[in-house]
Undergrad: 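Could you have a look at this structure, given as structure tokens, before my questions?
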Amino acid sequence: MSGNKMIAQIISNCKTNLLKKFDLNVEELEKFRRALHMHPEPAYQEYHTKEMVQNFLSSKGVLKHMHKEVLKTGIVVDIWGRAPPTDKAKTMIAFRAEMDGLASQENNPAIDYQSKDPNTSHTCGHDGHMATVAGTGICIMNVRDQIPSNKGIRLIFQPAEEGYLGAEKMALDGAVDGVSEVYASHNFPLPLGVASIKNGVMSSTYTKFNIEVEGKATHGATPHLGIDPITGACAIHTGLHTVISRGVSCKDQAILTVGKFEAGEMESVIPQTAKLGGTIRCFSPKVMNNLKEKITTMVENTAKAHSCSAELIWGNTLPITDNKPRETKILKESFEEILGKENVGEEGVPMPGSEDIGFLIEKAKGGAYALVGGIDENHQAASLHAYNYNFNDKLFPILISVYLQVVQKSLELEFQDLLYRV
């Protein structure tokens with residue numbers, strides 16, 4: 001059997017098993033996900049998204065149990081077992097899903113459920129992540145009688161993942177209090193049914209910077225009467241890349257991108273200011289702090305060398321995603337048992353992209369994160385955040401089955417062999 005046919009058979013078997021053993025209708029998840037896709041909301045504005053998630057979970061009986069709102073638009077749902085306790089100690093693990101959309105316009109005529117908001121889109125797959133965690137919760141609810149009452153599963157629906165520190169604020173607001181492990185996955189441009197995971201660093205630490213260089217405006221015919229901020233900004237641009245090539249050891253990795261440069265309005269006028277902005281990504285907090293120090297010094301001195309002044313403003317810093325050994329083993333083995341070992345590796349990791357789940361993993365002191373491919377004949381290799389990126393609904397049976405395996409392994413349960421295994 002070819003690889004594609006094998007994955008198709010796995011998906012079919014998982015889908016059938018989830019319906020028969022957990023009473024989960026995957027088609028309902030697909031409809032829910034597509035409704036979310038049509039109504040994306042930006043960071044900290046996910047009010048309608050929260051309502052949609054709550055209504056869906058309530059319709060399945062999940063919200064009859066303990067839940068609370070976090071950060072106004074976030075949701076935390078705790079599902080405890082109903083079987084006799086195994087001991088007095090309580091243990092809880094969590095699964096996280098992001099809720100926010102991107103501040104970008106979707107352009108994907110291949111689907112009939114595009115975003116209804118021209119300024120916001122679910123082109124990072126967060127709609128699929130919410131539906132996955134919701135589906136996992138529904139399955140857990142339907143086997144609560146097989147879970148000891150001292151063991152629980154928390155569903156975390158987190159706002160503001162896209163660079164706005166939602167996970168950090170959720171952690172500060174108690175979203176992982178009492179949780180020992182946090183698990184999550186992210187759809188990624190890999191072939192459908194291929195998963196990537198490794199122990200240790202999975203994704204980079206990241207920050208933004210913006211620099212405003214100030215000179216003295218003057219007519220282009222009299223440059224000697226002014227101070228050209230464009231010349232100073234260009235020198236800073238060159239210097240920024242020199243900081244990477246000469247300031248970072250060859251044993252480390254760092255990426256600096258300047259994606260914005262603005263100056264002037266008229267061809268014949270030297271402007272008062274020039275602005276540039278960009279990002280830094282690396283795989284070590286120590287390297288990040290070192291780069292910030294070097295860049296701060298370079299910007300100040302380079303501006304002075306061109307008789308300008310410069311203001312450097314740093315944005316939020318996202319942490320590395322640092323997978324913990326025990327939880328990495330659990331999540332990796334769960335993927336292998338569903339997809340087969342040949343489809344689980346380390347392709348594309350650590351990834352230079354960034355993710356804020358590191359805040360939750362560090363707060364809980366345990367957890368793991370994986371990338372899962374969704375590319376097939378109907379979902380081509382568009383990158384995350386691309387105007388036409390769309391979550392592949394075929395991932396639902398895979399991811400939910402994997403998460404249920406994680407529950408069994410982490411909480412040391414056995415759902416009477418209810419899960420399909422390869």
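Owing to the predicted nature of the structure, the values given are computational and were not obtained by experimental measurement.
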Undergrad: So how far is it from H126 NE2 to Q158 CD, rounded to the nearest 0.5 Å?
TA: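 Answer rounded to 0.5 Å: 8.5 Å.
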Undergrad: Considering residues, nucleotides and ligands other than K363, do more than 12 of their heavy atoms fall under 6.0 Å from its NZ?
TA: no
Undergrad: Can you find a heavy atom in the side chain of L318 that is under 4.5 Å from one in the side chain of L165?
TA: yes
Undergrad: Would you check if K90 and W80 make a side-chain contact, meaning some heavy-atom pair closer than 4.5 Å?
TA: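 Yes; the side chains approach each other to less than 4.5 Å.
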Undergrad: Is it the case that the side chains of N390 and N108 hold a donor-acceptor pair, with the cut-off being a distance below 3.5 Å and no angle test?
TA: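 On atom types as modelled, these side chains do not qualify, holding no pair under 3.5 Å.
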Undergrad: Have S334 and Q405 got a donor and an acceptor in their side chains that come within less than 3.5 Å?
TA: no
Undergrad: How about CD on E27, more than 12 heavy atoms from neighbouring residues, nucleotides or ligands closer than 6.0 Å, or not?
TA: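 Correct, the count exceeds 12.
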Undergrad: Determine, step by step, whether I11 and L192 satisfy the side chain to side chain contact (heavy atoms under 4.5 Å, CB included) criterion, reporting the C-alpha distance in whole Å, the side-chain angles of both residues, the deciding distance to 0.1 Å, and the verdict.
TA: CA-CA 10 Å; I11 292 171; L192 178 64; 3.8 Å; yes
Undergrad: Is it the case that over 12 heavy atoms from other parts of the model lie below 6.0 angstrom from the CD atom of Q253?
TA: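 No - once you tally the heavy atoms of other residues, nucleotides and ligands closer than 6.0 Å, there are 12 at most.
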Undergrad: Could you check if a side-chain atom of K332 sits within less than 4.5 angstrom of a side-chain atom of N323, using non-hydrogen atoms only?
TA: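 No, their side chains stay 4.5 Å or more apart.
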Undergrad: Could you go through the salt bridge (charged side-chain N to carboxylate O under 4.0 Å, His left out) check for E161 and R96 one step at a time?
TA: CA-CA 11 Å; E161 184 273 333; R96 191 287 308 259; 5.6 Å; no
Undergrad: Is the H37 ring parallel, tilted or perpendicular to the Y113 ring (thresholds 30°, 60°)?
TA: perpendicular
Undergrad: Name the atoms and distances for all side-chain donor-acceptor pairs under 3.5 Å in residues 260-287, with sequence neighbours left out.
TA:
residue : atom : partner : partner atom : Å
K260    : NZ   : N210    : OD1          : 2.9
Q272    : OE1  : A217    : N            : 2.9
Q272    : NE2  : E214    : OE2          : 3.1
Q272    : NE2  : G215    : O            : 3.1
R281    : NH1  : S354    : OG           : 3.3
S284    : OG   : K286    : N            : 3.1
S284    : OG   : V287    : N            : 3.3

Undergrad: Under 6.0 Å from the OH atom of Y164, do we count more than 12 heavy atoms belonging to anything else shown?
TA: no
Undergrad: Kindly check if the number of other-residue, nucleotide or ligand heavy atoms within 6.0 Å of OH (Y387) is above 12?
TA: no
Undergrad: Got a list of side-chain donor-acceptor pairs under 3.5 Å for residues 304-316, not counting sequence neighbours?
TA:
residue : atom : partner : partner atom : Å
K304    : NZ   : E300    : OE2          : 3.4
H306    : ND1  : T302    : O            : 3.0
N316    : ND2  : G163    : O            : 3.4

Undergrad: Verify whether one side chain among S121 and Y389 offers a donor that lies under 3.5 Å from an acceptor in the other.
TA: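 No, Y389 and S121 have no side-chain donor paired with an acceptor closer than 3.5 Å.
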Undergrad: Do E41 and T49 have a side chain donor and acceptor closer than 3.5 Å?
TA: yes
Undergrad: For I255 and P352, work out which heavy atoms get closest and say how close.
TA: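 That would be CD1-CB, 3.7 Å.
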Undergrad: Over 60° means perpendicular and under 30° means parallel, so tell me whether F396 and F391 are parallel, tilted or perpendicular.
TA: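 Correct class here is tilted.
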Undergrad: Check the pair K72 / D173 against salt bridge (charged side-chain N to carboxylate O under 4.0 Å, His left out), numbers first and verdict last.
TA: CA-CA 11 Å; K72 296 184 178 180; D173 209 17; over 6 Å; no
Undergrad: Mind telling me whether H237 and H241 have parallel, tilted or perpendicular rings, with 30° and 60° as the class edges?
TA: perpendicular
Undergrad: A side-chain contact here means heavy atoms from C-beta on lying under 4.5 Å apart; do M351 and F188 qualify?
TA: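 A side-chain contact under 4.5 Å exists here.
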Undergrad: Would you say K294 has more than 12 foreign heavy atoms packed within less than 6.0 Å of its NZ?
TA: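 Incorrect, the count does not exceed 12.
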Undergrad: Kindly state each residue pair satisfying salt bridge (Lys or Arg N to Asp or Glu O under 4.0 Å) with at least one member in residues 114-129, sequence neighbours excluded.
TA: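 Qualifying pairs: R33-D127.
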Undergrad: Which heavy atom of D356 sits nearest to which heavy atom of G166, and what is that distance?
TA: OD2-N, 3.5 Å
Undergrad: Ignoring hydrogens and angles, state whether a donor on the side chain of E293 or N289 is under 3.5 Å from an acceptor on the partner side chain.
TA: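 Not at all, the side chains of E293 and N289 share no donor-acceptor pair under 3.5 Å.
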Undergrad: Please find the pair of heavy atoms, one from A364 and one from E181, that lie closest to each other, and give the distance.
TA: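 Scanning both residues, the minimum pair turns out to be CB-N, 4.4 Å.
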